[in-house]
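A short write-up of the structure that comes next.
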Amino acid sequence: MFLVGTMQLIRGAQAAGLPCSAARRTLRAVSHVVPIGSTLSQSQEVVAGPATTVREPRALPTQSHRSGAEINVYRMSVRVRFAPSPTGFLHIGGARTALFNWLYARHTGGTFILRIEDTDSARNTQEAVEVILNGLRWLGLDWDEGPTIGSVSDPGKGRCGPYFQSQRGPIYQKRVQELKDKGLAYDHDGAVKFKMERKPIVIPDLVVGNVTRELTDREKLDPDFVIVRSDGQPVFHLVNVIDDLEMRITHVIRGEDHLTNSAKHIALFRALDVAPPQYAHIPLILNIDGTKMSKRDHGASLTTYLEEGYAPEALVNYLCLLGWSPKENREKVTLDEVIRLFDLPQVLRHNARFDIDKLHWLDGEYIREMGDERFRELAAQALTRAGYDTKKYSPGYLRAALDTCKGKIKRFGELAAYAGFYFTDEVKLDPASAAKDFTPENRDRLGRLRAAFAGLSTFDFVTLESTLKKVAVELAVKAGALVHPARMACTGSAAGPSLYHLLEVLGKERVLQRIDRVLAI
RNA sequence: GACCCUAUAGUCUAGCGGUUAGGACACCUCCCUUUCACGGAGGUAGCCCGGGUUCGAUUCCCGGUAGGGUCGCCA
């Protein structure tokens, strides 16, 4: 922990022109400097221990020391970031990356920063940024620093802004000039290229361990890479590093697809005389068949889960289970508990496949256990999305109708098919089921049931049940012989809420109407 | 092609130098039941392959295979 803290301090100290005053204060406090790379194995060892994550207020670094070493160390609080590109789309894997960053920040009492990587101006629209902000909000991942609205004119919150890369041009220009002055960058065909290190680079990673990255055969031909395009736009590798440096990011938690890129980033940090942050490359999320989840694949976009009526808390829980485990054979874990248990060294190294069936199960668990108010709210939203105008009905009716569905559905997207009959006058009968249920024999029985219902003065589920059973006895049939046709007549479906409760909610008038309609066919 | 990561049932995972290899989803059977869902009981199914180390490897090492990633004036 001490060495890690020291490394972070050096980074902060060496980052010139820091916009954050806390870093300057810390800078003065540094009393001991360790050469970059000299403590890698130790920091690996240290981070694997239980004391890796320091739970502390994120205010000022606290002083600590250990006997024997005689080194004063100031713990710097964790600063992590989620840095998506506004493509108009938030990938489920990106959402998981955001989640793990958020969890680590919350676990350590650190800071979670949102930065918009909009260097490609063609993609930079306010709508595209809003997709990201709304996605994170939906999941409940609040950020401590970053934009508050999708517009680049928004200064956002936090003191390390602007948080849109498109607004940070001068910062990049200054750093590029610095590299040029050092002879580590040069003009080439109108672009600027970085003079890459020619030796293998070790990437210390909290999840994977130390990774030694050799040059590929293509890179051996020309290891240098473009950092500023010929049109003047800086490229990802450059801005990513500069922003992480300027924003004093201590831990870079990102998808494993960036692992080998990190060699370039580390070289860039060194060229800027700054110790790189700690890296943690988390495994990717694959399709259920093991292929890469691309934009086109169903379920790749976070929006899908909102539209299909999953509860965000269930999705968050499920995402936590991909590449991480709370152990002790537990599946359902509250966010507070995940925050308490989560840590980087315990993140798995292998990719995980997205199993929609398990998400579905978890979603059902959450829906069953959520408060009635929230259930009604999400249920009404789902019905509205499905095209039902629930506002046409009284609040009491809506509420009673929805309450018969609580604990029955596993996903709000199922609600329209399950309970849509409450909110329409046109009950659609499934032809096959109708033919099966409305045999001449059943019609006679339904007629008897209708007559019994018509004579009721109270139309509650208790009365309805006893009435139906009484009719069944009179007809010498099982209750089911009446239940099924009645359900089909009133709902058009073989599956749905408890029949007696649903009849009560529908009310005598509607029930008789629906039965009459079937008998008239 | 080169480089990097990974490997426990169909899927997500726990675990370990000696375990009847644990849990969950899914699947199957039965029970409960007004349908569905829930709940209860039970079941099928797993340590990628080959060497090495060891008294003993699923576990440690090496190789292979397979899957994934990277090598852009995309991010």
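Every heavy atom of this structure was used, including side-chain atoms; hydrogens, water molecules and symmetry mates were not. Protein chains get the first letters and strands the later ones, always in sequence-line order, with residue 1 at the start of each.
An OP1 or OP2 oxygen of B/A75 is reached within less than 4.0 angstrom by a side-chain nitrogen or oxygen of A/R229. Remark: A/K410 is in phosphate contact with B/A26, judged by side-chain N or O atoms under 4.0 Å from OP1 or OP2. Remark: A/R213 is not in phosphate contact with B/C3, judged by side-chain N or O atoms under 4.0 Å from OP1 or OP2. An OP1 or OP2 oxygen of B/G72 is reached within less than 4.0 angstrom by a side-chain nitrogen or oxygen of A/R218. Residue A/K327 has no polar side-chain atom (N or O) positioned under 4.0 Å from OP1 or OP2 of B/U13. Close to B/C12, at under 4.0 Å from its OP1 or OP2, lies no side-chain N or O of A/H350. Distances shorter than 4.0 Å separate some side-chain N or O of A/K469 from OP1 or OP2 on B/U34. For A/S498, no side-chain nitrogen or oxygen approaches OP1 or OP2 of B/U35 to under 4.0 Å.
Comparing B/G43 with B/A2, their C1' atoms sit 49 Å apart, to the nearest whole Å. B/C5 and B/G22 have their C1' atoms separated by 28 Å, with the value rounded to a whole Å. B/U19 and B/G52 have their C1' atoms separated by 25 Å, given to the nearest Å. Rounded to a whole angstrom, the distance from the P atom of B/G15 to that of B/A7 is 13 Å. Atom P of B/C47 sits at a distance of 24 Å from the matching atom of B/U53, rounded to the whole Å. The same atom, C1', is picked in B/G67 and in B/C49; the two are 15 Å apart, to the nearest Å. Remark: the separation of the C1' atoms in B/U54 and B/U59 is 13 Å, to the nearest Å. Comparing B/C25 with B/C38, their P atoms are spaced 10 Å from each other, to the whole Å.
Interface remark: the A/E328 side chain does not form any donor-acceptor pair with the B/G23 base, using a distance-only criterion of under 3.5 Å.
Pair check for B/C36 finds none; no Watson-Crick or G-U wobble contact set falls under 3.5 Å. Using the Watson-Crick or G-U wobble rule with both distances under 3.5 Å, B/A41 pairs with B/U29. In this structure, B/G17 makes no Watson-Crick or G-U wobble pair, since no nucleotide meets both defining distances under 3.5 angstrom. In this structure, B/A9 forms no base pair with any nucleotide, since neither Watson-Crick nor G-U wobble geometry is met with both distances under 3.5 Å. The partner of B/U70 is B/A2, judged by Watson-Crick or G-U wobble contacts that both fall below 3.5 Å. Under the Watson-Crick and G-U wobble criteria, each requiring two contacts below 3.5 Å, nucleotide B/G63 is paired to B/C49. Nucleotide B/U54 is matched to nothing when pairs are restricted to Watson-Crick or G-U wobble geometry with both distances under 3.5 angstrom.
A/P497 comes within 4.0 angstrom of a base, heavy atoms only. Counting non-hydrogen atoms under 4.0 angstrom, A/L259 reaches the backbone sugars and phosphates but no base. Within the nucleic acid shown, A/N240 has no heavy atom closer than 4.0 Å to any nucleic acid atom. The residue A/R487 sits close to a base: some heavy atom pair falls under 4.0 Å. Heavy atoms of A/L468 sit nowhere under 4.0 angstrom from any nucleic acid atom. No engagement by A/F225 is indicated, since no non-hydrogen atom pair under 4.0 Å with the nucleic acid exists. Contact annotation for A/G364: no contact, since no heavy-atom pair falls under 4.0 Å across all strands. Using a 4.0 Å heavy-atom criterion, one finds that A/K332 contacts no nucleic acid atom at all. Using a 4.0 Å heavy-atom criterion, one finds that A/A191 contacts the bases of the nucleic acid, with or without backbone contacts as well. Across all strands shown, A/R368 has heavy atoms under 4.0 Å from sugar-phosphate atoms exclusively, and none from any base. Counting non-hydrogen atoms under 4.0 angstrom, A/G290 reaches the backbone sugars and phosphates but no base. In this structure, A/H237 reaches the bases: a heavy-atom distance under 4.0 Å links it to at least one base atom across the strands shown. Backbone-only contact: A/T212 has heavy atoms under 4.0 Å from sugar-phosphate atoms and none from a base. Within 4.0 Å (heavy atoms only), A/Y418 reaches at least one base atom of the nucleic acid.
Ring geometry for A/F412 against A/F375 counts as tilted: the plane angle lies between 30° and 60°, on a 0 to 90° scale. The aromatic rings of A/H281 and A/Y279 sit parallel, their planes meeting at an angle under 30°, below the 60° perpendicular limit. Note: A/Y305 and A/F354 have tilted aromatic rings, judged against thresholds of 30 and 60 degrees for the angle between ring planes.
The A/V211 side chain lies nearest to B/C4 when the options are B/A75, B/C73, B/C4. The nucleotide whose nearest atom lies closest to any side-chain atom of A/T260 is, among B/U35, B/A14, B/C4, B/C4. Closest contact between the side chain of A/E365 and the listed nucleotides B/G39, B/A24, B/C4 involves B/G39. The A/K408 side chain lies nearest to B/C36 when the options are B/C12, B/C5, B/C36. Comparing B/A75, B/A26, B/C4 by their nearest atom to the side chain of A/F236 picks out B/A75. With B/C12, B/U34, B/G68 as the choices, the nucleotide that has an atom nearest any side-chain atom of A/L322 turns out to be B/C12. Closest contact between the side chain of A/V208 and the listed nucleotides B/A24, B/C5, B/A75 involves B/C5. When distances are taken from the side chain of A/D357 to each of B/G23, B/A26, B/U70, the shortest belongs to B/A26. The side chain of A/L348 lies closest to B/U13 when the candidates are B/U13, B/C5, B/C73. Each of B/U11, B/C36, B/U70 was ranked by its minimum atom distance to the side chain of A/R353; first place goes to B/U11.
Nearest-nucleotide assignment on RNA chain B puts the 5′-proximal partner with A/E214, out of A/H258 and A/E214. Each of A/V228 and A/S325 lies near RNA chain B, and the nucleotide nearest A/S325 is the one positioned closer to the 5' end.
Without hydrogens or angle criteria, A/N101 side chain to A/I253 main chain gives a donor-acceptor distance under 3.5 Å. No donor-acceptor pair closer than 3.5 Å links the side chain of A/R340 to the backbone N or O of A/H107. Formation of a donor-acceptor pair under 3.5 Å by the A/N240 side chain with backbone atoms of A/F236 is not found in this model.
Among A/D224, A/D222, A/D187, the one residue that satisfies the side-chain hydrogen bond (donor to acceptor under 3.5 Å, both in side chains) test with A/K193 is A/D222.
Straight-line distance from the CG atom of A/D217 to the C1' atom of B/C71: 8 Å, rounded to whole Å. Computed from coordinates, the A/D243 CG to B/A75 P distance equals 13 Å when rounded to whole Å.
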- request: Using the side-chain hydrogen bond (donor to acceptor under 3.5 Å, both in side chains) rule, take A/N287 and A/D297 through it: C-alpha gap first, then chi angles, then the decisive distance, then the call.
  value: CA-CA 8 Å; A/N287 288 314; A/D297 292 310; 3.0 Å; yes
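With contacts defined as side-chain heavy-atom distances shorter than 4.5 Å, the pair A/R96/A/I282 qualifies.
Here the CG atom belonging to A/N317 is positioned 8.0 Å from the CG atom belonging to A/L335, to the nearest 0.5 angstrom.
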